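Read the structure below first, then the notes.
These numbers come from a predicted model, not from an experiment.
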Amino acid sequence: MEAQGRAPVHEDAFGPEGMRDAANSGEPAALPLGVLAGRNAALLDGAASTDSFQALAQGITRRSMAAAREEVLLERLSSQRRPAANGGVELMPELLDGEEQNVEEEMAKLPRWQSTVTVRALLIGALLGACFSIISLKLGLTTGVIPSLNIAAGLLGFFFLGGLSRFLRAIKIGGKEMTAQEVTVIQTCTVACYGMAFNGGFATYVIAMDQQSYDNVGGIDGNRPEDVVNPQLGRLIAYMFCIALFGIFMLVPLRKQMILKYELPYPSGTATGLMINSFFTKSGSDAARRQLLSMGKWFTFSFLFSGWKWVFSGTGDCGTLTGGFASFPSLSIQAAEWTWMFDFSQNYVGVGMLCPQIVSWSILFGAILSWGIMWPLISKQEGNWYPAGLSGSDFRGLYGYKVFIAIAVFVVDGVYIICKLAILSYMSLKARRVAAAKARAEAEQLERRAPGGPLPGTIPSPGEEGASPKKDKIVDSDVDSDDGEHRLLGGETEFERTLRRRVFLNGAIPWWIAIGGYFCMLAIAVGSIPQLYPQAKWYQVLVAGLVAPPLAFANSFGAGLTDWNMASLYGKLAIFIFAAWSGLEAGGVITGLAVCGVVFASVASASDLMQDFRTGYLTLSSPRAMFGAQVTGAVLGCFIAPLCFWLFWTAFPIGVPGTTYFAPYGTVYRGMSIVGVDGLSVLPQNCLALCGGFAGITICINLLRDFLPSKWARFMPLPMCMALPFYLGAWLGVDMCVGAVIMLVWRWVDPAECQLLSAAAASGLIAGDGIWTVPAAILAIAGVNPPICMGWSVASSG
């Protein structure tokens with residue numbers, strides 16, 4: 001997704017305990033949280049990006065050329081020789097030995113990786129992981145639009161770790177100083193933990209198996225009562241262990257190639273690493289304090305306002321529209337009947353603030369197209385195109401058009417992106433080879449022009465003016481490239497690059513741990529999933545597990561270039577393939593959904609780990625610490641995510657149309673599995689033609705976005721975002737555009753303040769509304785209902 005602003009390029013600051021003292025070397029400005037969070041918004045059921053093909057391709061070419069020149073320069077530096085006093089030849093002893101000594105000194109100051117994976121870091125990670133799991137589940141069970149919470153995890157990790165350290169020192173029982181490496185461990189553990197609430201399919205393929213999703217789909221062919229598996233806590237925890245862990249091991253042997261050889265930028269990981277580094281500077285610490293205050297203020301407001309809304313959400317005969325503020329007919333009762341309303345949801349106002357403007361306006365455009373034009377027109381064909389009198393969630397009626405047209409857009413848009421990523425990945429590899437050959441030719445030409453002289457850009461010898469191994473840059477900020485709006489590191493010195501690479505290589509993870517862990521966890525999945533879901537056969541799980549590594553590599557490579565994580569699309573394709581493989585009579589509906597989790601979760605977790613390796617690379621954290629934090633967070637998530645889901649399951653009606661947690665993706669995923677086993681015959685009349693039309697429109701919009709001049713392409717909507725309100729409702733577009741308008745006004749009134757505090761304020765709104773779910777669930781379990789029923793009806797003419 002597009003960043004709302006472009007992050008300025010800063011030389012990285014190294015904090016205490018082995019981090020470079022910024023005060024002595026030109027401290028960089030604090031990285032604005034709003035900028036870093038701008039690109040990290042994500043959609044639960046797919047990634048979207050505003051980067052055009054041309055911009056990405058140009059960025060790849062520029063970055064490849066800069067990287068090739070840098071590599072050639074380093075090769076020439078390491079091979080430069082000087083006549084020795086005895087007439088022989090020796091390496092440049094003063095420069096290379098001095099630099100090596102500096103690197104070793106800095107590495108000696110760094111904390112050992114075991115001391116960064118601390119009990120306090122893992123406890124804080126588990127606590128934040130539980131909170132974010134609740135928030136993620138609430139968003140997933142309502143609309144499925146989930147912004148990335150990685151930045152908030154790093155910010156809160158820094159806050160809680162600093163507070164705990166000061167408290168422990170105050171009571172004289174320890175409390176060592178926190179380090180950037182320990183904050184990185186917290187952030188990694190938190191993201192791995194709450195990621196299971198998304199990757200585990202609690203709002204998608206797991207809930208699609210239950211009785212309510214079966215009822216929602218209705219009496220279409222292929223929707224059989226025997227294909228129902230209701231959630232059970234023990235089964236969910238066991239299933240999470242089967243699908244969550246083996247994906248972490250798949251790409252560990254390729255970490256050096258992805259991070260060091262190909263130098264993929266992994267924009268989200270880079271943004272998080274730069275943010276954590278900025279915390280350990282004076283200006284960065286002050287900025288973090290302001291951001292935390294802003295987040296706390298808006299969290300408190302959101303939490304209290306959610307409680308106030310709950311008071312008025314009681315049931316009863318109090319009007320045509322009931323439900324309190326959530327059904328407030330802000331645009332008239334007639335408009336509210338077609339879901340056009342502002343429902344006072346702080347969640348989605350915050351999401352609208354975090355997401356790029358084009359995302360919110362694309363959703364509004366999709367709402368106008370569907371709820372303003374298409375659905376009112378198709379509804380007039382009731383009794384002609386589809387039977388009259390069907391329920392609002394029956395696939396044989398209007399709901400079938402809503403869901404299957406959206407699925408067509410999702411799948412076609414996702415396949416287009418995968419093809420685009422494949423082309424870009426090939427271009428990236430080819431561009432590096434071409435750039436390397438060109439850079440070597442340029443270096444040889446310069447060498448012939450000035451034989452024996454230093455290459456341009458080399459570091460001066462000791463004693464020469466300006467000599468400083470730590471200061472002389474091997475990458476000029478002028479040639480810093482941005483890969484489709486992703487700003488890459490600039491002004492990195494040879495010393496910093498060498499130090500980062502040395503730390504990354506020293507934290508080697510034995511190959512046998514990765515290979516053994518993968519096959520061990522795959523064997524557990526092959527043996528266990530057929531016991532949990534008997535419709536899925538062991539050989540189908542095995543095939544899915546063996547296909548997952550190449551898919552994970554492709555997904556991680558693409559995420560490294562563009563920040564797109566397409567795991568959900570691979571999961572959807574797995575549903576169609578494995579459901580068709582089993583067939584209807586063999587329980588293909590459940591097979592497709594159960595095996596979907598193997599592909600979905602493993603591919604997503606492998607990509608997440610590479611993002612974490614990139615973050616650790618920038619913060620001088622050992623890969624072993626990142627790997628340990630990821631595994632620990634995933635294991636914790638296997639317990640925490642099902643328990644958080646069980647809180648929702650026992651306290652609220654899940655998946656029931658018209659309720660708060662109507663779980664729209666449960667019905668969508670079940671519909672896809674039914675199509676997989678029963679073909680396109682389940683679609684309502686003329687629905688296939690409409691799906692084909694929108695598939696063509698999706699391709700055309702993507703082509704226009706990729707190849708029109710940027711001044712026109714930026715007005716093209718994002719197809720995947722445009723399709724979200726097709727079945728969710730127009731209210732989502734209204735809520736998110738309120739957040740988008742807030743950002744426009746704030747940026748116009750005070751751009752600097754907006755850039756610094758907007759993401760913190762938005763995260764506070766989302767977190768406050770999400771955490772209110774806990775007391776609301778406790779009240780529901782205790783049998784305490786909202787005391788007031790608030791509703792609306794048309795006033796009588798008398």
Exercise for review: List the steps, then state whether side-chain contact (heavy atoms from CB on, under 4.5 Å) holds for M736 with V351.
Suggested key: CA-CA 7 Å; M736 291 191 62; V351 172; 3.7 Å; yes

Revision key, fill the gap. Separation between SG (C687) and NZ (K402), nearest 0.5 Å, reads 12.5 Å

Check your understanding: When the ring planes of Y665 and Y727 are compared, do they come out parallel, tilted or perpendicular, using 30° and 60° as the limits?
Key -> perpendicular

Practice item. Might you work through the side-chain contact (heavy atoms from CB on, under 4.5 Å) test for Y401 and F726, ending with a clear yes or no? Key: CA-CA 9 Å; Y401 295 92; F726 282 14; over 6 Å; no

Review point. Quick one: CZ on F715 to CZ on F365, what's the gap to the nearest 0.5 Å?
Key: 14.0 Å

Check your understanding: Which value, rounded to the nearest 0.5 Å, describes the distance between I333 atom CD1 and E337 atom CD?
Key -> 7.5 Å

Revision key, fill the gap. Here the pair of heavy atoms bringing D769 nearest to K309 is OD1-NZ, 4.4 Å

**Study point:** Pairs where residues 734-743 contributes a residue and the test salt bridge (Lys or Arg N to Asp or Glu O under 4.0 Å) is met, not counting sequence neighbours
**Key:** none

Review point. Do Q535 side-chain atoms and A586 backbone N/O form a donor-acceptor pair below 3.5 Å?
Key: no

**Study point:** Intermediate values then yes/no, side-chain contact (heavy atoms from CB on, under 4.5 Å), F410 and L724
**Key:** CA-CA 9 Å; F410 286 158; L724 280 173; 3.9 Å; yes

Check your understanding: Does S379 reach the main-chain N or O of P376 with its side chain, forming a donor-acceptor pair under 3.5 Å?
Key -> yes

**Study point:** Contact check, side chains of V543 and V595, non-hydrogen atoms, under 4.5 Å
**Key:** no

Practice item. Taking only Lys NZ, Arg NE, NH1 and NH2, and the carboxylate oxygens of Asp or Glu, determine whether R670 and D227 approach each other closer than 4.0 Å. Key: no

Check your understanding: Do F198 and F132 make the cut of ring centroids closer than 6.0 angstrom?
Key -> no

Review point. Taking the side chain from T773 and the backbone from G770, do they hold a donor-acceptor pair closer than 3.5 Å?
Key: yes

Check your understanding: So do F202 and W649 actually touch side chain to side chain, heavy atoms under 4.5 Å?
Key -> no

Check your understanding: Given side chains that start at C-beta, do those of C691 and I405 come closer than 4.5 Å, heavy atoms only?
Key -> yes

Check your understanding: Is a donor on one side and an acceptor on the other found under 3.5 Å between the side chain of R224 and the backbone of V589?
Key -> no

Check your understanding: Does the side chain of M374 come within less than 4.5 Å of F694's, by heavy atoms?
Key -> yes

Exercise for review: Could you check N702, D706, T698 and say which one makes a side-chain hydrogen bond (donor to acceptor under 3.5 Å, both in side chains) with Y416?
Suggested key: D706

Point to revise | F328 vs M790 side-chain heavy atoms within contact, under 4.5 Å | key: no

Point to revise | Closest non-hydrogen atom pair, F652 against A780 | key: CE2-CB, 4.5 Å

Review point. Given the rule in the side-chain contact (heavy atoms from CB on, under 4.5 Å) test, do V599 and V547 qualify, once you have shown the distances and angles that lead to the verdict?
Key: CA-CA 8 Å; V599 177; V547 168; over 6 Å; no

Review point. From S673 OG over to M209 CE, what is the distance, rounded to the nearest 0.5 angstrom?
Key: 8.5 Å

Review point. Where does the angle between the aromatic ring planes of F312 and W308 fall among parallel (under 30°), tilted (30 to 60°) and perpendicular (over 60°)?
Key: perpendicular

Point to revise | Min side-chain heavy-atom separation Q212-V656 under 4.5 Å | key: yes

Practice item. Name all residues meeting the side chain to side chain donor-acceptor pair (under 3.5 Å) criterion together with T591; count only those two or more places apart in sequence or in a different chain, and write none if there are none. Key: S582

**Study point:** Gap separating the CE atom of M672 from the CD1 atom of I575, nearest 0.5 angstrom
**Key:** 4.5 Å

Practice item. On the 0 to 90° scale, with breaks at 30° and 60°, tag the F344-F342 ring pair as parallel, tilted or perpendicular. Key: tilted

**Study point:** Side chain D343, main chain W731, donor-acceptor under 3.5 Å
**Key:** no

**Study point:** Closest non-hydrogen atom pair, A208 against L593
**Key:** CB-CD1, 3.9 Å

Check your understanding: What's the spacing between D221 CG and I674 CD1 if we round to 0.5 Å?
Key -> 9.5 Å

Practice item. Kindly assign one of parallel, tilted or perpendicular to the pair Y205 and Y669, based on the angle between their ring planes and the thresholds 30° and 60°. Key: tilted

Exercise for review: Determine whether I135 and L139 make a side-chain contact, defined as any pair of heavy atoms from C-beta on separated by less than 4.5 Å.
Suggested key: yes

Exercise for review: Decide yes or no for I378 and L398: does some side-chain heavy atom of the first lie under 4.5 Å from some side-chain heavy atom of the second?
Suggested key: yes

Review point. Ignoring hydrogens and geometry, is there a side-chain-to-backbone donor-acceptor pair from D210 to P231 under 3.5 Å?
Key: no

**Study point:** Smallest separation among heavy atoms of P530 and A525, with atom names
**Key:** CD-O, 3.8 Å

Revision key, fill the gap. Smallest heavy-atom separation, P725 atom then S370 atom, equals O-OG, 4.0 Å

Study note, to complete from the structure: Smallest heavy-atom separation, V603 atom then A548 atom, equals CG2-O, 4.0 Å

Practice item. Would you check if the side chain of W772 reaches a backbone N or O of S302 as a donor-acceptor pair within less than 3.5 Å? Key: no

Review point. Do any N or O atoms from the side chain of Q357 and from the backbone of A740 form a donor-acceptor pair under 3.5 angstrom?
Key: yes

